[in-house]
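Just follow the structure's listing: the first ligand is 1, and inside any ligand the first atom is 1.
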Amino acid sequence: MSANSSGSATYSGTLDGSNAKRGLWSSRLAFILAATGSAVGLGNIWKFPYVTGENGGGAFVLIYLVCIAVVGIPIMMAEVMIGRRGGHSPVNSLRLIAAREGLKPVWRMIGAVGVLAGFLILSFYSVIGGWAVSYVGTAASGQFAGQSAEAIGAIFSGLLSDPAALLLWHSVFLALVMVVVARGVRSGLERAVSILMPALFVLLLIVVGYAMTSGSFGRAAAFLFQPDFSKLTTSGILVALGHAFFTLSLGMAVMMAYGSYLPKNISIAKTSITVSVIDTGVALLAGLAIFLIVFANGLEPGAGPGLIFQTLPLAFGQMPMGSLFGTLFFVLLIFAAWTSGISLLEPIVEWLEEQKGMNRTVSTLGAGVVCWALGIVSILSLNLWADFAPLGFVPMLEDKTIFDLLDFFTANILLPLGGFLVAVFAGWVMSRQALENELSLSAPMFRLWYVTIRFITPVAVAAVFLYNLA
Ligand code: PFF
């Protein structure tokens, strides 16, 4: 993946590191694989279907797609561009570019938002990753075979009500992430993305193909793609926007970090669009698979975060070779979550190395332990604290547990805020000359992006925020 065969050069960014010293991605494909590894994860397969189900389907999906196009892709281009322009870790790239433009280092704030978001997201992301780890064993031992929806639901509630099991699986998942980050060796993993991501896609296709025979295609397709705006709430719009950031790994400078390794001759627009299209394709396919199963079995689309764990096993339990496919599916899901988890921890570790002068092992351990401990709070809010809604007095947050609040606050507030700052930085702070040089787009395409990042993106994010406050 990187110019350095050990792969570790990819993340050796230091205060004085120049691009030449840090090594660059060996090709456009390498960058796309790494960025896709970060983008495609639990957000696509676990979160997209359940938030779509909770927010009424089609209209929500339409807003989400608009957000990807109007907010997500332009911001991804901006992040990659800032990273490549700065050629350092996000915090230092922002500082350097700001200094070059004669501005205050306050823009480093974007990097700080990223570090905070990384901590909070990874803490609960790892708990869900743990569910997937636990489901590998459940699928492999044939426990889904021939089971009813009730029995499958009971397996899931059994897991949620067991804090010790949740803690064990959360620990296993986080350990997987920490080992890779501590060793700084990612080349093998990114190469594996090129095999395992298509495999995940094919497995989803198999589930869709199987579920299509249930005769629920019309209802599932209508639910996903026929917008009924009466079902869309104000907060649904915020969730769609937040999910666009979450699923594309935007707003916390991950793409900025990756962009700093992108060779100058590679098109930022083409690569960003490719990553976004793959990411969206996986989400829509997962959504289709899940809602086919939901409607064929008379399940509740708005079942919440457990949705995929209560629907997919049902299909695996019914189809031929279901235990094998089910096991494979959860293994691939862990892999997708793993590469995303790494990209959540990486910025924190890099920041600790740079700002606090810690070595990689110590920073990984330190950051990992904090995420692990924070994860316990999420675990408890799935069982012992399930009725505890700490911000119950705030409208819109009435019934949210700590777990829900962490998800809500990071995806719907922190990431869009980070993205808003990125858009303002790219659109209003950097010189037009620098942008044109870095993006090397045709004149009309550049104008389209420039108008979007200066006006449309920040106004859209601000409008959704204000609309929700009001
Ligand atoms: N994009 C990942 C997913 O969809 O699962 C989650 C994620 C990774 C969010 C990295 C943010 C991030 F910086």
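Within ligand 1, the atoms closer than 4.0 Å to a non-hydrogen atom of Ser343 are 8 (C), 10 (C), numbered from 1 in the order shown. Set against the non-hydrogen atoms of Leu42, the atoms of ligand 1 under 4.0 Å away are 5 (O). For ligand 1 and Leu344, the ligand atoms under 4.0 Å from any heavy atom of the residue are 8 (C), 10 (C), 11 (C), 12 (C), 13 (F). Atoms of ligand 1 lying under 4.0 Å from any heavy atom of Val254, numbered from 1 in the order shown and given with element: 13 (F). Listed by number with element, the atoms of ligand 1 under 4.0 angstrom from any heavy atom of Ala39 are 1 (N), 2 (C), 3 (C), 4 (O).
Phe246 and Phe124 have parallel rings, their planes meeting at less than 30° on a 0 to 90° scale where 60° marks the start of perpendicular. Between Trp338 and Phe335, the ring-plane angle classifies as perpendicular under the 30° and 60° cut-offs. Using bins of under 30°, 30° to 60° and over 60° for the plane-to-plane angle, the ring pair Phe144/Tyr135 lands in the tilted bin.
No option in Leu238, Val71, Asn412, Thr234 other than Leu238 meets the side chain to side chain contact (heavy atoms under 4.5 Å, CB included) test with Val464.
Distances between N or O atoms of Ile121 and those of ligand 1 include no value under 3.5 Å.
Heavy-atom proximity to atom 5 (O) of ligand 1, evaluated over Phe48, Tyr125, Trp46, Phe245, is greatest for Tyr125. Nearest residue to atom 13 (F) of ligand 1 from Glu346, Met255, Met252 is Met252 (criterion: closest heavy atom). Which of Gly43, Gly41, Ser38 comes nearest to atom 2 (C) of ligand 1 through a heavy atom is settled by distance: it is Ser38.
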Check step by step if side chain to side chain contact (heavy atoms under 4.5 Å, CB included) holds for Thr339 and Met197. CA-CA 11 Å; Thr339 51; Met197 289 293 170; 4.1 Å; yes

Carefully, step by step, assess Phe309 and Tyr50 under the rule side chain to side chain contact (heavy atoms under 4.5 Å, CB included). CA-CA 11 Å; Phe309 295 90; Tyr50 104 72; over 6 Å; no

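The shortest distance between side-chain heavy atoms of Ile237 and Tyr467 falls below 4.5 Å. The side-chain heavy atoms of Leu204 and Phe329, taken from C-beta on, include a pair separated by under 4.5 Å.
Looking only at protein heavy atoms, the nearest one to atom 9 (C) of ligand 1 is Phe246 O, 3.3 Å. Protein heavy atom in closest approach to atom 8 (C) of ligand 1: Ser249 OG, 3.3 Å.
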